[in-house]
Amino acid sequence: MSINSFDNYQLTWRPDKRALKRPVYVALVTAMKDAIEKGELLPGTKLPPQRELADFLDVNLSTITKAYKLSEERGLTFGVVGKGTFVAQNATESIIIAKTASADVIDLGLVSAFDACNKMMVPVIQAVAGQSNLPELLNYDAPTGLPAHKRAGRMYLERFGITDVKDENMAIVSGGQNAVTVTLLGLFRPGDRIAVDFFTYANFIEIAKMARLKLVPILGDDEGMLADDLAAAASQGLAGVYLMPEGANPTGVRISGARREALAQVVRDNNLILIEDDYEGFLKLGLTPLPKMYTLAPEHCVYLCSMTKPLAVGLRIAYIVFAPQYRSQLMDALMNINMKTSAIDSEFVARAIIDGTAQRISQAKINLVEQSNAAFDEIFPEPEASAVDNRQLFRWVEIHDTGMTGREVEQHGLNNGLRFYHSDRFLVGAESAKKYIRVSLSSASTMNELTTGLTRLRQLLIAGGYYG
C-alpha cells in the first residue's frame, strides 16, 4: 500500500482528491473556482507549486500544468515567471461597467460622453429620415459598410493622420466594444497572450476572459507602457498588445511620442498584433499632435475608432482599419458576430461628418471636458489627482489603503449617493500596492450636478480616511 508523503503537507490549496472526476484537469479548475467563490482561496493567494500538487493528488505533472493553464485562460489565476501562480484579484467577480439608473445617486462611475450634446444630432437624424434611399439601408447588403459610409469614415480619420486607407482594409462595426470583440475573436485563439497596461479597460478584461485569452500586465510610467518591459514579455511569448495611446482607461496616461516609437519597434521586432483603441482621440485635437501607432506599425496594427464618444453613445458605430494580412480573419469574425452593422446608424454618422455636425459636436464636447477638468482641479487640487492634460473624460485619484476591499469602497460611495469605481476593477494580475478610484467627469447631466458630486466625493473620501 503506497503512502502519499504529501497527505499532511502544508499546501495553500488542498483539493479533495475523491471529488475529482475525469478529465481531472477540468475538475481541478472547477474545484478551484468553487474554493475562490467560497472564500477558501483569497485573491493573491499563491497556489501550490505544480509538482507538489501533482504529488499530493497522485496525478501526472502534465495534469496540473493543464489545469493551471486553463485556470489562467478563464481569468481565475495569473502566473509570474519565477514566482508561481496566484489567484486573480477579480477571479470570479464580474467587473463589467455599464449604466445603472438610480435617481438617488450621482454617477461619477460610467464614462459617458456629455449626453446633453445629443440634441445636436437631431437635425441630422431628421434629414436622414426624409431621404428616399431609406429602404436600401434596411437590408443585408454591404456587411462591412457601404462605400459612401466608408468614404465619410476616411474623411473623418484623415483628421487624425490616418490616410490612404483602402476600402478592403476598413470595416464599419457596431461601436467600440463590438470592434474589440470582433478583433479578439477574429485574430486570437484561446490561450494566446496579450499584453495590456497594469490597469486596463475593465470590459476588455471581461471580453478576454470570455475568449479565454491570457492578459499579461505591463508596467508603465507617465509616458505610457514601458517598452523594455513589453519586449521582455514578448520574449516569453506574446501574440499581441492592446493600447489606448491618447488616454489609457482608467489612468488617463497619454503615451508620449518617443514611447510610441519605442513600443512600435517592439511590435515590429516581435511580429505582434497591435490593437490601437483610439476612443479618446477626438478630444486631443488641438493639442500637440502625436503619431498614431497605426502609422508607426501599419503592417501589424488594427486601429479602432469609435464614433460613440465623439457624437452620441447611442449611435453604435466604429471604424476598424487593419493590415491586409488580417482581413480574412476579421471578416469571418464580423460576419459571425454581426452579420451587418446598422446602415441607418452609419448614415447618421456619415451625414454628420460630411455636413460638419460631427466637428461641431466634438468641439462642444472638448469645451465641456475642459470645463469639467477645471472644476475637478478646483475641488481636487492635490498632486494625487493630477492629470496628464485637461482633456480627460475621467480622472484617476490615488487614495489611502484603509484595508477595505475595492467593492467595499465602492459600496461606501453608493451608500452616500455617489457612484465611482475602485482600481481593483481594472487590475490585471497581482494586487497593486497603490489604490485609486476612477472618477468620471462626463456622465453628470449638468455642470452643477458634477460640481455637487465632486464636492461630496471629496468630503466623503476625507471623512473616510481615504484622502487628504
*Would you please test Met120 and Arg360 for side chain to side chain contact (heavy atoms under 4.5 Å, CB included) and show each step?*
CA-CA 9 Å; Met120 298 176 70; Arg360 290 191 292 274; 4.1 Å; yes
*Please walk me through it: do Gln363 and Asn367 pass side-chain hydrogen bond (donor to acceptor under 3.5 Å, both in side chains)?*
CA-CA 6 Å; Gln363 187 57 56; Asn367 295 341; 3.1 Å; yes
*asked:* Applying side chain to side chain contact (heavy atoms under 4.5 Å, CB included) to Leu304 and Glu276, what does each step give before you reach the verdict?
replied: CA-CA 6 Å; Leu304 314 180; Glu276 180 177 13; over 6 Å; no
_I'd like to know whether Ser440 forms a side chain to side chain contact (heavy atoms under 4.5 Å, CB included) with Phe420, so could you lay out the CA-CA distance, the side-chain angles of the two residues, the decisive distance to 0.1 Å, and finally the verdict._
CA-CA 7 Å; Ser440 171; Phe420 52 82; over 6 Å; no
_Go through it in stages, so that I can follow the logic: the residues are Thr357 and Asp355, the test is side-chain hydrogen bond (donor to acceptor under 3.5 Å, both in side chains), and I'd like the CA-CA distance, side-chain angles, deciding distance and then a yes or no._
CA-CA 6 Å; Thr357 299; Asp355 72 9; 2.7 Å; yes
*Verify side chain to side chain contact (heavy atoms under 4.5 Å, CB included) between Gln236 and Val216, making sure each step is shown before the conclusion.*
CA-CA 11 Å; Gln236 300 292 322; Val216 180; over 6 Å; no
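Closest heavy-atom contact between Thr451 and Ala375: CG2-CB, 3.9 Å. Nearest heavy atoms, Ala171 versus Met331: CB-CE, 4.0 Å. Nearest heavy-atom pair, Met335 versus Pro143, reported as atom, atom and distance to 0.1 Å: SD-CB, 3.6 Å. Scanning all heavy atoms of the two residues, the minimum distance from Leu263 to Leu230 falls at CD2-CD2, 3.8 Å. In plain terms, the two heavy atoms of Ala352 and Val124 that are nearest each other are N-CG1, 4.1 Å. Annotation for Ile255 and Leu290: closest pair O-CD1, 3.5 Å, computed over non-hydrogen atoms.
Taking 4.5 Å as the limit, every side-chain heavy atom of Ile218 sits out of range of all side-chain heavy atoms of Asp197. Residues Lys66 and Leu70 are not in side-chain contact: their nearest non-hydrogen atoms beyond the backbone lie 4.5 Å or more apart. Inter-residue side-chain proximity for Leu243 and Leu274 is flagged as met; some heavy-atom pair is nearer than 4.5 Å. Residues Ile205 and Leu215 form a side-chain contact, since some pair of their non-hydrogen atoms from C-beta on lies under 4.5 Å apart. Residues Asp424 and Arg407 are not in side-chain contact: their nearest non-hydrogen atoms beyond the backbone lie 4.5 Å or more apart.
For Met447, the CE atom counts as densely surrounded, since its 6.0 Å shell holds more than 12 non-hydrogen atoms of other residues, nucleotides or ligands. Other residues, nucleotides and ligands contribute at most 12 non-hydrogen atoms within 6.0 Å of the CG atom of Asp228. The neighbour count for Asp221 CG, taken as heavy atoms of other residues, nucleotides or ligands under 6.0 Å away, is above 12.
By the 4.0 Å N-to-carboxylate-O rule, Arg419 lies too far from Glu410 to be salt-bridged with it.
No donor-acceptor distance shorter than 3.5 angstrom exists from the side chain of Asn270 to the backbone of Leu272, with no hydrogens or angles considered. The closest donor-acceptor contact from the side chain of Arg212 to the backbone of Lys209 lies at 3.5 Å or more, if one exists at all. Using modelled atom types, no side-chain atom of Arg193 and backbone atom of Lys214 make a donor-acceptor pair closer than 3.5 Å. A donor-acceptor pair is defined here as one N or O able to donate and one able to accept, closer than 3.5 Å; no such pair exists between the side chain of Arg260 and the backbone of Met293. No donor-acceptor pair under 3.5 Å is formed between the side chain of His412 and the backbone N or O of Leu461. Side-chain atoms of Asn336 come within 3.5 Å of backbone atoms of Asp332 as a donor-acceptor pair (strictly under, hydrogens ignored). No donor-acceptor pair closer than 3.5 Å links the side chain of Ser432 to the backbone N or O of Lys435.
Between Val128 and the choices Leu134, Asp345, Asn133, the side chain to side chain contact (heavy atoms under 4.5 Å, CB included) rule is met once, by Leu134. Only one option out of Lys309, Lys292, Lys284 pairs with Asp278 in a salt bridge (Lys or Arg N to Asp or Glu O under 4.0 Å); it is Lys292.
The line from CD1 of Ile162 to SG of Cys301 is 7.5 Å long, rounded to the nearest 0.5 Å. Between the OG1 atom in Thr455 and the CG atom in Leu460 there is a gap of 12.5 Å [rounded to 0.5 Å]. Glu158 contributes atom CD, which lies 8.0 Å from atom CG of Asp164 (distance to the nearest 0.5 angstrom). Taken to the nearest 0.5 Å, the CG atom of Asp401 stands 10.5 Å off from the OH atom of Tyr466. In this structure, Leu393 CG and Glu280 CD are separated by 4.5 Å, a value rounded to the nearest 0.5 Å. In this structure, the separation between CD on Glu246 and CD on Gln392 is 10.5 Å, given to the nearest 0.5 Å.
Classification of the Tyr436-Phe199 ring pair by plane angle, with boundaries at 30° and 60°, yields perpendicular. In this structure, Tyr156 and Phe160 have perpendicular ring planes: the angle between them is above 60°, well past the 30° mark.
Note that Arg438 lies in the cation-pi zone of Phe394, set by a 6.0 Å cut-off to the ring centre and a 45° limit from the axis.
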Donor-acceptor contacts, no H, no angles, side chain residues 174-184, under 3.5 Å, sequence neighbours left out:
unit_1: Ser174; atom_1: OG; unit_2: Thr341; atom_2: OG1; d: 3.4
unit_1: Gln177; atom_1: OE1; unit_2: Tyr201; atom_2: OH; d: 2.6
unit_1: Asn178; atom_1: OD1; unit_2: Ser174; atom_2: N; d: 3.0
unit_1: Asn178; atom_1: OD1; unit_2: Asn338; atom_2: ND2; d: 2.7
unit_1: Asn178; atom_1: ND2; unit_2: Asn338; atom_2: OD1; d: 3.0
unit_1: Thr181; atom_1: OG1; unit_2: Gln177; atom_2: O; d: 3.0
unit_1: Thr183; atom_1: OG1; unit_2: Ala179; atom_2: O; d: 2.8

Ignoring hydrogens and angles, write down the donor-acceptor pairs under 3.5 Å from the side chains of residues 317-327, residues two or more places apart or on other chains.
unit_1: Gln325; atom_1: NE2; unit_2: Glu299; atom_2: O; d: 2.4
unit_1: Tyr326; atom_1: OH; unit_2: His300; atom_2: O; d: 3.3
unit_1: Arg327; atom_1: NH1; unit_2: Glu168; atom_2: O; d: 2.6

List the atom pairs, donor and acceptor, that lie under 3.5 Å between side-chain atoms in residues 74-82 and the rest of the protein, sequence neighbours left out.
unit_1: Thr77; atom_1: OG1; unit_2: Ser71; atom_2: OG; d: 2.7
unit_1: Thr77; atom_1: OG1; unit_2: Glu72; atom_2: N; d: 3.4

Just list the side-chain donor-acceptor pairs under 3.5 Å for residues 144-151, sequence neighbours left out, or say none.
unit_1: Thr144; atom_1: OG1; unit_2: Lys150; atom_2: NZ; d: 3.0
unit_1: His149; atom_1: NE2; unit_2: Glu347; atom_2: OE1; d: 2.6
unit_1: Lys150; atom_1: NZ; unit_2: Asp167; atom_2: O; d: 2.9
unit_1: Lys150; atom_1: NZ; unit_2: Met170; atom_2: O; d: 3.0

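A side-chain N or O of Gln265 and one of Asp269 form a donor-acceptor pair less than 3.5 Å apart. In this structure, a donor-acceptor pair under 3.5 Å is present between the side chains of Asp115 and Ser112.
In this structure Gln359 satisfies the side-chain contact (heavy atoms from CB on, under 4.5 Å) test together with Arg159, sequence neighbours excluded.
Pairs of residues two or more places apart, or lying in two chains, that qualify as side-chain hydrogen bond (donor to acceptor under 3.5 Å, both in side chains) and include a residue from residues 372-384 are Asn373-Arg395, Asp377-Arg395, Glu382-Arg458, Glu382-Tyr467.
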